[in-house]
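Lettering follows sequence order; numbering is per chain, from 1.
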Amino acid sequence: MLYSYAGFKVKVMQEQGVVKRITILGEAREVLPALPRSMKLDLSGFTPFERAVMEKAREIPPGKVATYATLAKAAGYPGAARAVGNVMAKNPFPIIVPCHRVVRSDFRVGGYAYGGEVKRRLLRAEGVAFAGERVKKPYLWNF
DNA sequence: GCACTGGATGTTT
DNA sequence: AAACATCCAGTGC
């Protein structure tokens, strides 16, 4: 099923009503239904750590960001900032698990599977403001 | 303030 | 043992 989100075309692959994988295809040039925020995800096959991180990340609302370190702590694994980065890097559910809202402690955006430019555009579309390369501090989400 | 460094860190494979 | 979408304290502009 195809949706749009923040000007991007998004492909959602489901089986029996459960989302298996999401991919961002590129610019949405046609009118498509908006991506629903609540979808049931297939979280089988993930470790307890990965599940905790993804579920906590879903709490970050549009227009806010968390850092890898604050997300690690909120998920119950203080100090696991780098391991959180590992989870985000393999996130099969971009946008629904909003890994684009997780940034570095110095407020630079950090990595993104589709590149830093896409990450910045998603954040800007959600209302996040930047000062140069960095997200402005008031946009930090407190869990 | 900026840029860079080296070492520590937690989890996965 | 190695990899990693990080962090922090230190150093020098």
Using Watson-Crick or G-U wobble geometry with both distances below 3.5 Å, tell me the partner of B:dT9, or none. none
Atom CD of A:Q16: over 12 foreign heavy atoms under 6.0 Å: no
So which heavy atom on A:Y114 is nearest to which on A:I24, and how close? OH-N, 3.1 Å
Co-membership, hydrophobic cluster, residues A:F46 and A:M39, 4.5 Å side-chain: yes
Expressed as a whole number of angstroms, how long is the span from A:I60:CD1 to C:dA5:P? 18 Å
Base, sugar-phosphate, or nothing for A:A69, non-hydrogen atoms under 4.0 angstrom? sugar-phosphate
Verdict with supporting geometry, A:K11 and A:R21, side-chain contact (heavy atoms from CB on, under 4.5 Å): CA-CA 8 Å; A:K11 183 180 184 185; A:R21 165 158 208 141; over 6 Å; no
The contact string for nucleotides 7-13 of chain B, one letter per nucleotide 5' to 3', using protein heavy atoms under 4.0 Å with B, S and - for base, sugar-phosphate only and none, comes out as -B-BBS-
Walk me through whether A:R58 and A:E55 qualify under salt bridge (Lys or Arg N to Asp or Glu O under 4.0 Å). CA-CA 5 Å; A:R58 286 191 86 173; A:E55 281 163 10; over 6 Å; no
I need the single residue from A:K64, A:R101, A:R37 that forms a salt bridge (charged side-chain N to carboxylate O under 4.0 Å, His left out) with A:E126. Which is it? A:R101
Tabulate atom names and distances for all N/O pairs under 3.5 angstrom spanning the protein and nucleotides 11-13 of chain C.
none

Under 4.0 Å: is that the gap between some side-chain N or O of A:S105 and OP1 or OP2 of C:dT6? no
Under 3.5 Å, which donor-acceptor pairs link side chains of residues 87-96 of chain A to any protein atom two or more places apart or in another chain?
unit_1 : atom_1 : unit_2 : atom_2 : d
A:N91  : OD1    : A:F93  : N      : 2.8
A:N91  : ND2    : A:V97  : O      : 3.0

With a 3.5 Å limit on both atom pairs, tell me what C:dA5 is paired to, counting Watson-Crick and G-U wobble, or say none. none
Nearest-Å distance, CE (A:M54) to C1' (C:dA5)? 15 Å
When rounded to whole Å, the CD to C1' distance for the pair A:E133 and B:dG1 reads 16 Å
Give one of base, sugar-phosphate or nothing for A:A72, where a contact means two heavy atoms less than 4.0 Å apart. nothing
Separation of A:Y68 atom OH from C:dC8 atom P, in whole Å? 14 Å
Using whole Å, report how far CG of A:D106 lies from C1' of C:dA5. 13 Å
Check whether any side-chain N or O of A:R51 sits under 3.5 Å from a backbone N or O of A:L43 as a donor-acceptor pair, and report yes or no. yes
Rounded distance (Å) that lies between atom C1' of C:dC8 and atom CZ of A:F107: 15 Å
Are the side chain of A:K119 and the backbone N or O of A:G111 linked by a donor-acceptor pair below 3.5 Å? yes
